[in-house]
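Have a look at the structure below, then the notes.
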Amino acid sequence: MEEDKSLNFIEQIVENDLQEGKNDRRIQTRFPPEPNGYLHIGHVKAICMDFGIAERYNGVCNLRFDDTNPVKEDTEYVDSIQQDIRWLGFHWGNVFYASDYFDQLYDLAIRFIKEGKAYVDEQTAEQIAEQKGTPTEPGTPSPYRDRPVEENLRLFEAMQRGEIEDGKMVLRAKIDMANPNMHFRDPIIYRIITTHPHHRTGRKWNVYPMYDFAHGQSDYFEGVTHSICTLEFVVHRPLYDWFIDQFVGQVPSNAADWKTGSDYRPRQYEFNRLNITYTVMSKRKMLQLVKEGLVAGWDDPRMPTVCGLRRRGYTAEAIREFIRKIGYTKVEGMIDLGLLEHTIRESLKNTAPRICAIFDPVRLVITNYEGDGETIVAENIDGNPELGTRQIPFARELYIERGDFLEQADKNFYRLSPGGREVRLKNAYIIQATGCEHDADGNLTTVYATYDPLSKSGTEGGNRKTKATINWVECQSCVDVEARLYDRLFAVENPSAEEGDFRDLLNPDSLKVVTCKAEQSLRSEMHRPEVVDGIAQVNHYQLLKQGFFVIDPDTDDRHIVLNRTASLKDNWQK
RNA sequence: UGCCUAAUGGUGUAAUGGUAGCACUACAGAUUCUGGUUCUGUCUGUCUGGGUUCGAGUCCUGGUUAGGCAACCA
């Protein structure tokens, strides 16, 4: 059932370009993460765009790690990023690294110096910042701005040979210190980094290119046609174009015909980044939460990371569907967390087997039930027999939810109450409460009821309607299960908009760990999950009336751990 | 006193000069062996002044508001 969805503005641009025959009607995109953290759902939005455009228009999307800053980057992240993209179901053409182009980039820098377009500055970072001016005031030129070409060449080579201390010199493009776009005020294009080896090139380089000098150039070398990124790069686009103008058609590119006057050039387009209520989408803040132990790790089920969502029980399909729903524009907005939850419920409601678990158990004794008990056969999903059945033990003593019994009930309460209405035990018999018992402190300990032996589900006598159906498990056979009940990470809608420390805004109730009593089938249906690409394939369940749950990797043979993916909607107000 | 973006219900998006639609949320009703699901219905919207046009959310123009831009980060 493919619903008609109009093209987003990037797709329209691509279709126009195709129609006009731009870049020989070739479509090539790239997903360019910096390997300095785990992928989060904001990245997924970019991934769906970059890979989606390539898929839709028979192009190719390459994965390119933007690894120009060895101080922050690590192979740990390179691996997790690839795993997450594969898990999401996308396929790249090649894996590239910005560091693949360090030689070409260095040559380009030399070329710029020779053409008088770059110079070595030996002022401090503070001095350079001061001379940059402000958005409303022009900058002032560096005293080193007019150094002779030979001297620039000699110094830049000395920088690369490791003869200059970190921070003592930088290479700047010589553009325009008075440009209204601050990025044109002689941007730094190379800096010295000797303190950290690069995760791929080791100690080969002592100078590393800055983003503005690496990104567009890498796009050009690879033959990228549509370089799609988020809105904060809009101000960089003129510089992106400026650099490419300096060498387009004069330097090799994988794009065809560069030598023969092809019109090829990469172009940058920007869309709005993803913000979701009650969470943060900043790698820096996430890293802080992880490092300070405020969450259990990058894959903590409360985190908006891909691995966190996965552990929470989100499926790749649901995450992609969510991205499809929110669309792409140039308006900076804030997506309601409720939409993400709605999407995962949609995805699981027709597939997740139902199971009973009692979270706040109280004993129910069926006083007129004779015999040792019986086995009930229930469909895993009501009305969906192809999803199989399971067996549930039934006997005289059961656990039910404490909240399903009220000694004094008003008419809006549909469930058990002494002398009250008939209530269906899910998949079993109709009962009627007759009384209850309390301990010395007045806590309810036992509910007494009688059952109608002819009212069993699936039998003719069982067709009688009841207003309510309640959950139960049989006392002897049920299993204790640890349930981790997750809720929104932050207590406020937009933590980034608040004054003060974002850590003070964490939701203190974002995790509640409880033990519940689940029906035996949860244990018997459990199996060691199959591991694909290092990722355990998980089973999703719906605990009736409680929500969707997924088996957590902390589970072992003795101890079952379930994570709540999402609660069920609850229209019953007290 | 700069430059760049953007502005459609509570939220996210569509309408490409021709009936302002969809999804989420909220609310109401029906159905239901999950107070879930499903179904039906309701509420709420083109930032603003002027102009072009038979006709403007859309084009022009002047405002207003919001966000971004001054890392040896990406």
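Computed from a predicted structure; not experimentally measured. Naming convention: chains lettered A, B, ... in sequence-line order (proteins, then strands); numbering from 1 in each chain.
The separation between Lys330(A) atom NZ and U5(B) atom C1' is 7 Å, rounded to whole Å. Summarising the geometry, the separation between CD1 on Ile323(A) and P on G12(B) is reported as 15 Å, rounded to the nearest angstrom. Glu341(A) has its CD atom 15 Å from the C1' atom of G36(B), to the nearest Å. Between the CG atom of Asn179(A) and the P atom of C4(B) there is a distance of 10 Å, rounded to whole Å. Between Arg30(A) atom CZ and A74(B) atom C1' there is a gap of 12 Å when expressed in whole angstrom units. As rounded to whole Å, 11 Å separates atom P of A74(B) from atom NZ of Lys283(A). Look at CG on Leu568(A): it is 12 Å from P on U34(B), rounded to the nearest Å. When the C1' atom of U13(B) is taken as reference, atom CZ of Phe322(A) falls 13 Å away, rounded to whole Å.
With both pairing distances under 3.5 Å, G35(B) is matched to nothing as a Watson-Crick or G-U wobble pair. Nucleotide G2(B): paired with C69(B) (Watson-Crick or G-U wobble, both distances less than 3.5 Å). Under the Watson-Crick and G-U wobble criteria, each requiring two contacts below 3.5 Å, nucleotide A28(B) is paired to U40(B). Under the Watson-Crick and G-U wobble criteria, each requiring two contacts below 3.5 Å, nucleotide A74(B) is left unpaired. Across every strand in view, C59(B) sits in a pair with G51(B) that passes the Watson-Crick or G-U test at under 3.5 angstrom. Using N1 to N3 plus N6-O4 or O6-N4 for Watson-Crick, or N1-O2 and O6-N3 for G-U wobble, each under 3.5 Å, U11(B) pairs with A23(B).
Using a 4.0 Å heavy-atom criterion, one finds that Arg415(A) contacts the bases of the nucleic acid, with or without backbone contacts as well. If you check every strand for non-hydrogen atoms under 4.0 Å, Gln542(A) touches a base. Across all strands, Phe184(A) comes closer than 4.0 Å to no nucleic acid atom at all (heavy-atom distances). Contact annotation for Gly458(A): base contact, defined as any heavy-atom pair under 4.0 Å involving a base atom. Using a 4.0 Å heavy-atom cutoff across all strands shown, Thr343(A) reaches no nucleic acid atom at all. Here Asn412(A) lies in heavy-atom contact (under 4.0 Å) with a base. Residue contacts shown for Lys467(A) are absent, as no nucleic acid heavy atom lies under 4.0 Å away. Asn272(A) comes within 4.0 angstrom of sugar-phosphate atoms only, judged by non-hydrogen atoms across all strands, and of no base.
Taking atom P in both U46(B) and G10(B), one finds a spacing of 9 Å when rounded to whole Å. Using atom P as the reference point in both U31(B) and U13(B), the two lie 38 Å apart (nearest Å). Rounded to whole Å, the P atom of A26(B) lies 40 Å from the corresponding atom of A70(B). A gap of 26 Å separates the C1' atoms of A14(B) and C54(B), to the nearest Å. Distance check on atom C1': A6(B) versus C47(B) gives 12 Å, rounded to whole Å. Taking atom C1' in both G67(B) and G35(B), one finds a spacing of 43 Å when rounded to whole Å. As rounded to the nearest Å, G45(B) and C22(B) have C1' atoms that lie 14 Å from one another. The C1' atoms of C72(B) and A7(B) are separated by 37 Å, rounded to the nearest whole Å.
For Thr29(A) (side chain) and His226(A) (main-chain N/O), no donor-acceptor pair under 3.5 Å exists by modelled atom type. The closest donor-acceptor contact from the side chain of Arg421(A) to the backbone of Leu416(A) lies at 3.5 Å or more, if one exists at all. With Gln268(A) contributing its side chain and Ser227(A) its backbone, the two residues share no donor-acceptor pair below 3.5 Å.
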Which atom pairs link the protein and nucleotides 63-72 of chain B when you take only N or O atoms and keep those under 3.5 Å?
residue : atom : partner   : partner atom : Å
G67(B)  : O2'  : Glu332(A) : OE1          : 2.7
G67(B)  : O2'  : Glu332(A) : OE2          : 3.1
C69(B)  : O2'  : His183(A) : NE2          : 3.2
C72(B)  : N3   : Gly167(A) : O            : 3.4
C72(B)  : N4   : Gln123(A) : O            : 3.2
C72(B)  : N4   : Gly167(A) : O            : 2.7

What protein N or O atoms touch nucleotides 37-41 of chain B N or O atoms at under 3.5 angstrom, if any, and at what distances?
residue : atom : partner   : partner atom : Å
U37(B)  : O3'  : Lys349(A) : NZ           : 3.3
U38(B)  : OP1  : Lys349(A) : NZ           : 2.5

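Checked by atom type, the side-chain pair Lys545(A)/Asn471(A) shows no donor-acceptor distance below 3.5 Å. Between the side chains of Asp166(A) and Thr194(A), a donor-acceptor pair is found at a separation under 3.5 Å. No donor-acceptor contact under 3.5 angstrom links the side chains of Ser347(A) and Glu321(A), judged on distance only. Judged purely by distance below 3.5 Å, without hydrogens or angles, the side chains of Glu270(A) and Tyr328(A) never pair a donor atom with an acceptor atom.
For Lys545(A), whose side chain is taken as the heavy atoms from C-beta onward, the closest listed nucleotide among U34(B), A74(B), G12(B) is U34(B). Taking the side chain of Thr136(A) as heavy atoms from C-beta on, and the options C24(B), C73(B), G2(B), the nearest nucleotide is G2(B).
In this structure, Phe394(A) has its ring center closer than 6.0 angstrom to the ring center of Tyr429(A).
Geometrically, Arg30(A) does not engage Phe96(A) in a cation-pi contact, judged by NZ or CZ lying under 6.0 Å from the ring centre and within 45° of the ring axis.
When each of Arg145(A), Arg147(A), Lys168(A) is checked for a salt bridge (Lys or Arg N to Asp or Glu O under 4.0 Å) with Glu122(A), only Arg147(A) meets the rule.
Looking at Asp219(A) and Arg64(A), a side-chain N of the basic residue comes within less than 4.0 Å of a carboxylate O on the acidic one, giving a salt bridge.
More than 12 heavy atoms of other residues, nucleotides or ligands lie within 6.0 Å of CD in Glu20(A), so this atom counts as buried by the packing criterion.
Checking the phosphate oxygens (OP1, OP2) of C73(B), no side-chain nitrogen or oxygen of Thr68(A) falls inside 4.0 Å.
With RNA chain B read from its 5' end, the first of the two nearest nucleotides for Ile193(A) and Lys426(A) is the one closest to Lys426(A). In this structure, Phe9(A) and Asn471(A) both approach RNA chain B, and ranking their closest nucleotides by distance from the 5' end singles out Phe9(A).
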Checklist entry - Which is it for Phe233(A) and Tyr240(A) under the ring pair (Phe, Tyr, Trp, His ring centres under 6.0 Å) test, yes or no, and what are the steps along the way? => result CA-CA 10 Å; Phe233(A) 292 98; Tyr240(A) 178 104; 9.9 Å; no

